[in-house]
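To start, the structure itself, in structure tokens.
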Number of protein chains: 2
Amino acid sequence: MMSTTEKISLLVVDDHPMVLEGMRSMLAQFGYVHLTGLASNAWEAMDLIKQERPHIVLTDINMPEVSGIELAEKIRREFPGVKVIAMSTFKERSYIAQMIQHGAVGYLLKSASREEIEEALLRVYEGYMYMSHHLHMTEPEQQETKQLPVLTSREKEVLQLISDGCTNPEIAKRLFISLHTVDTHRKNLLTKFNVNNTALLIKIATKAALL
Amino acid sequence: MMSTTEKISLLVVDDHPMVLEGMRSMLAQFGYVHLTGLASNAWEAMDLIKQERPHIVLTDINMPEVSGIELAEKIRREFPGVKVIAMSTFKERSYIAQMIQHGAVGYLLKSASREEIEEALLRVYEGYMYMSHHLHMTEPEQQETKQLPVLTSREKEVLQLISDGCTNPEIAKRLFISLHTVDTHRKNLLTKFNVNNTALLIKIATKAALL
DNA sequence: GTGAGAATCACCTGAAAGGGGGATGGCGTA
DNA sequence: TACGCCATCCCCCTTTCAGGTGATTCTCAC
């Protein structure tokens, strides 16, 4: 099944010892995989990566202290050649998107079969991306999507400038309108998003990809 | 190649007529695809989706007025059963992540071959996700990643609460510390991120997936 | 042509945030 | 031990923001 004789070196990161053990025994069945180490948190992982430079790091997303997402980001920054596959028990798409945004090239569910793990490792090793199959939009996450308010074009402009760090006077100058007008738009934004300060407004808008 | 006799109904969205025409002729070669329509912007697309309810919408990302990302979000909200495959000429991962976050189940490069488009349509139709192969971490995007400041655990807590919309007095109460202390942490956050107000701080932190 | 919504401008008040400064104890490490 | 880093607390002052209320123009659709 392998096109080369080199073994894929692999590091597994998870805060649950049971999971690590399970992965170890499962991976032992794959002749072409060399398990370079097991880490129970991001710091251990970074140390081992520094020492061993594995081809692939298979990491849990939900870990205390430093999440798998942050770990992926660290790996991308310090060891760009090392590929990251994320694992999670949840199907939330938001995690997938975050992981990819932070450099992961694969996403596996922990419930993945032996065959799926095998396919993921091989494809990622060969330079492709691999996404878990079981992602057919579950119902619960649908309703989780809160509807965004409808913004006018002017409100969008103001929102953009706010998110760029402009103060109201700066926005007024840029848009050639009065400070009062900017203030009004800003208040309308807060009202429409149903929040009471800028911080939350910007977080919601950013997560909704309006910015 | 198809496991069912039903044709896959498809809507293509792109603001370049040439691309639409090219897709039309290419798709005509796939016997199992029924092209329900071509749209040159998001509004046309939504109208056609409402009428035709295609299985899959293949949409460009870079469109004026309303981007493909926003269109994906609209489709997810109004027609959850309709699957979205995004297309773009660029390889930026950030677009991929955003598209997925907003409901896309596939990502194609416009340079994709006939075979790749075929595979994408079939896999998405069958309920899987499909990601373009040609995504081996290009160099330019690497350096684009700006390094984030190192935050202390306390600063992370404060940052999180700020992003939740808490004011300094509220944060002080929650963390059982003085208002002055919260203020100090907040100032340090602004300094570390090299910004001068909360709005930009939150945007950067959110985009970096710290929140 | 009436009405709805958008965009504009205005005034007021109090709370919150931003920008300086300085100070203390704790804790780990060089 | 001395230094750096963190977390904590305190003061000053100015600017900005949030909440409320109200009004005028303009456009677009009905």
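In this structure, CD of E157(B) is placed 9 Å from P of dA7(D), rounded to the nearest angstrom. In this entry the distance linking CD of E155(A) with P of dG5(C) reads 13 Å, nearest Å. If you measure from atom CG of N196(B) to atom P of dA16(C), you get 21 Å, rounded to the nearest angstrom. The separation between L151(B) atom CG and dC6(D) atom P is 10 Å, rounded to whole Å. Protein atom CG of L161(B) is 16 Å distant from nucleotide atom C1' of dA17(C), rounded to whole Å. Rounding to whole angstrom units, CD1 of residue I202(B) and P of dA16(C) are separated by 17 Å. For the pair K156(A) NZ and dA7(C) P, the interatomic distance rounds to 11 Å; values are reported in whole Å. Note: CD1 (I171(A)) to P (dT16(D)) measures 11 Å, nearest angstrom.
Panel note: side chain T36(A), backbone P54(A); no donor-acceptor pair is recorded below 3.5 Å. Checking side-chain atoms of T181(B) against main-chain N and O of I177(B) turns up no donor-acceptor pair under 3.5 Å. Of the possible donor and acceptor atoms, one in the side chain of S9(B) sits under 3.5 Å from a partner among the backbone N and O of H55(B).
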* **Where protein sits on nucleotides 25-30 of chain D, one letter per nucleotide: B base, S sugar-phosphate only, - none, heavy atoms under 4.0 Å** => ------
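Exactly one of H185(A), K192(A), Q160(A) qualifies for a side-chain hydrogen bond (donor to acceptor under 3.5 Å, both in side chains) with E155(A). That residue is K192(A).
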So which protein nitrogen or oxygen atoms get under 3.5 Å of nucleotides 26-30 of chain C's nitrogens or oxygens?
none

May I have the list of side-chain donor-acceptor pairs in residues 44-53 of chain B shorter than 3.5 Å, sequence neighbours left out?
from	atom 1	to	atom 2	distance (Å)
E44(B)	OE1	S40(B)	N	3.1
E44(B)	OE2	S40(B)	OG	3.0

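Of all the heavy atoms in G165(A) and N197(B), the pair that sits closest is O-ND2, 2.6 Å. Considering all non-hydrogen atoms of both residues, V13(B) and M87(B) come closest at O-CE, 4.2 Å.
Between E73(B) and R76(B), at least one side-chain N (NZ, or NE/NH1/NH2) sits under 4.0 Å from a carboxylate O, which counts as a salt bridge.
Contact annotation: N168(B) side-chain N/O to dA17(C) OP1/OP2 distance is under 4.0 Å. Side-chain N/O atoms of T198(A) include one lying less than 4.0 angstrom from OP1 or OP2 on dA18(D). Side-chain nitrogen and oxygen atoms of R154(B) include none within less than 4.0 Å of the OP1 or OP2 phosphate oxygen of dC6(D).
For residues 167-186 of chain B, the set of pairs meeting the salt bridge (Lys or Arg N to Asp or Glu O under 4.0 Å) definition, not counting sequence neighbours, comprises D183(B)-K187(B).
The side chain of P169(B) lies closest to dA17(C) when the candidates are dA17(C), dG18(C), dA18(D). Of the candidate nucleotides dA7(C), dA17(C), dA7(D), dA7(C) has the atom lying nearest to any side-chain atom of S153(A).
Bending across the helix from dG1(C)-dC30(D) to dA30(C)-dT1(D), expressed as the angle between its end axes from five pairs apiece, amounts to 50° (10° rounding).
Near DNA chain C, meaning a heavy atom under 4.0 Å from it, residues 174-187 of chain A has I177(A), S178(A), H180(A), T181(A), T184(A), H185(A) in order of number.
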